[in-house]
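In this chain, residues are counted from 1 in sequence order. In what follows, every heavy atom counts, from backbone to side chain, and hydrogens, waters and symmetry copies are set aside.
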Amino acid sequence: MPVFVLRGACRAPDGQIGPPLFEETITAASPSEAVRLANAHDLSTKDERANVLWLVDAQGVLHWSLRRADRD
């Protein structure tokens, strides 16, 4: 089954994204399933400085991203 990585970082007011503050592996049958699982994660226990999230596959292809403010 494919492996995806959910990452969270701090996005500065000027739009610059810093290095990942956390990374979490998600195993899913497809990119759409990985996105569904990423959206279902409770991120309240993750690093509170992270205000941008993104999901990549094993090749580094971006499949999903979200500003944390869009979720809250």
Taking a hydrophobic cluster as the set of Ile, Leu, Val, Met, Phe, Trp and Tyr residues connected by side-chain heavy atoms closer than 4.5 Å, whether directly or through intermediates, do Leu53 and Val35 fall within one such cluster?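 In one cluster: yes.
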
OG/Ser32 to CG/Leu37 distance, rounded to the nearest 0.5 angstrom?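 Reported to 0.5 Å precision, the distance equals 9.5 Å.
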
Report yes if the side chains of Trp64 and Asn39 come closer than 4.5 Å at any heavy-atom pair, otherwise no.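 Counting from C-beta outward, Trp64 and Asn39 do come under 4.5 Å.
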
Just wondering, do Leu66 and Val52 contact through their side chains at under 4.5 Å, heavy atoms?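 No, side chains not in contact.
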
Using side chain to side chain donor-acceptor pair (under 3.5 Å) as the criterion, list what pairs up with Ser65, not counting sequence neighbours.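 Applying side chain to side chain donor-acceptor pair (under 3.5 Å) to Ser65 gives none.
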
Is there a side chain to side chain contact (heavy atoms under 4.5 Å, CB included) between Val56 and His63? Walk through the geometry before answering. CA-CA 6 Å; Val56 297; His63 289 276; 5.7 Å; no

Between Glu33 and Ala28, what is the shortest heavy-atom contact and its length?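 Here Glu33 and Ala28 meet closest at CG-CB, 3.7 Å.
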
Return all side-chain donor-acceptor pairs below 3.5 angstrom for residues 2-15, not counting sequence neighbours, or 'none' if the list is empty.
from	atom 1	to	atom 2	distance (Å)
Arg7	NE	Glu23	OE2	2.8
Asp14	OD1	Gln16	N	2.9

